[in-house]
Visitor: 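Before I ask anything, let me first share the structure, which is written out below as structure tokens.
The first residue in the sequence is number 1, and the count goes up from there. Side chains are part of it too, since the values below use all heavy atoms of this structure and drop only hydrogens, waters and symmetry mates.
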Amino acid sequence: MLMRPAESDAPSYIAKVEKLMADDENSETMVRVRWYYRPEDTVEGRGTFHGVKEIFLTNDYDMQSTQAIQGKCVVHTLQQYMKLKYVGVDDYFCRYEYDAGERDPLVADGERFTP
């Protein structure tokens, strides 16, 4: 999924929807997401060997409102991506996972919403 960034001029965030759930307290539907990072969002930064549309699946989970969903994208394996006849604006590829560090286990399990 493409997720709306707080800054209007920033690129959309990319996340994998793990679970839909109701937040009865706020009468809102929430999604538990697992974030993808762009190489430049990591400690190591973007290298010359990274593809333009390359992203990394992380161990960074979060709860977001469904209102933050901006649209759909497709994350391919590198092999699938290389076979595409046409690469669309919403096509990305992932060949690595990135350890984003220690995260709150209750958020990862979908038991607690983050502000």
Visitor: Just verifying a value: how many Å separate Ser12 OG and Met3 CE, rounded to the nearest 0.5 Å?
Guide: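 Separation between the atoms: 10.0 Å.
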Visitor: Examine Met82 and Val87 and state if one hydrophobic cluster contains both, with Ile, Leu, Val, Met, Phe, Trp and Tyr joined whenever side-chain heavy atoms are less than 4.5 Å apart.
Guide: yes
Visitor: For the residue pair Tyr37 and Asp60, confirm or rule out a side-chain donor-acceptor distance under 3.5 Å.
Guide: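 Indeed, the side chains of Tyr37 and Asp60 share at least one donor-acceptor pair under 3.5 Å.
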Visitor: On a heavy-atom basis, which atom in Met1 and which in Val17 lie closest, and how many Å separate them?
Guide: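 So the two residues come closest at CG-CG2, 3.3 Å.
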Visitor: So how far is it from Met30 CE to Leu20 CG, rounded to the nearest 0.5 Å?
Guide: 11.0 Å
Visitor: Please check: side-chain N/O of Arg46 versus main-chain N/O of Gly51, any donor-acceptor pairing under 3.5 Å?
Guide: yes
Visitor: Grab the two heavy atoms, one from Pro11 and one from Pro5, that are nearest each other, plus how far apart they are.
Guide: O-CG, 3.6 Å
Visitor: May I ask whether Trp35 and Leu57 are part of the same hydrophobic cluster, defined by side-chain heavy atoms of I, L, V, M, F, W, Y residues being less than 4.5 angstrom apart, directly or through others?
Guide: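 In one cluster: no.
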Visitor: Closer than 3.5 angstrom, by distance alone: can the side chain of Lys53 be matched with the main-chain N or O of Val89 as a donor-acceptor pair?
Guide: yes
Visitor: Give a yes or no on whether the ring-centroid distance for Tyr96 and His50 is below 6.0 angstrom.
Guide: no
Visitor: Atom CD1 of Ile14 and atom SG of Cys94: how far apart are they, to the nearest 0.5 Å?
Guide: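 One gets 10.0 Å once the value is rounded to the nearest 0.5 Å.
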Visitor: I want to check something: taking the side chain as every heavy atom from C-beta on, are Leu84 and His76 in contact at a cut-off of under 4.5 Å?
Guide: yes
Visitor: Drop me the distance from Phe93's CZ to Ile55's CD1, to the nearest 0.5 angstrom.
Guide: 9.0 Å
Visitor: Which pair of heavy atoms, one from Leu78 and one from Arg95, lies closest together, and at what distance?
Guide: CD2-CD, 3.9 Å
Visitor: If you look at every heavy atom in Phe49 and Glu54, which pair is closest and at what distance?
Guide: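 That would be O-OE1, 4.4 Å.
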Visitor: Roughly how far, to the nearest 0.5 Å, is CZ of Phe56 from OH of Tyr98?
Guide: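 That separation rounds to 9.0 Å.
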Visitor: Side chain to side chain contact (heavy atoms under 4.5 Å, CB included) between Arg38 and Tyr92: does it pass, once the steps are laid out?
Guide: CA-CA 10 Å; Arg38 290 176 174 86; Tyr92 298 89; 4.2 Å; yes
Visitor: Is the side chain of Asn59 donor-acceptor paired with the backbone N or O of Ala100 at a distance under 3.5 Å, no angle test?
Guide: yes
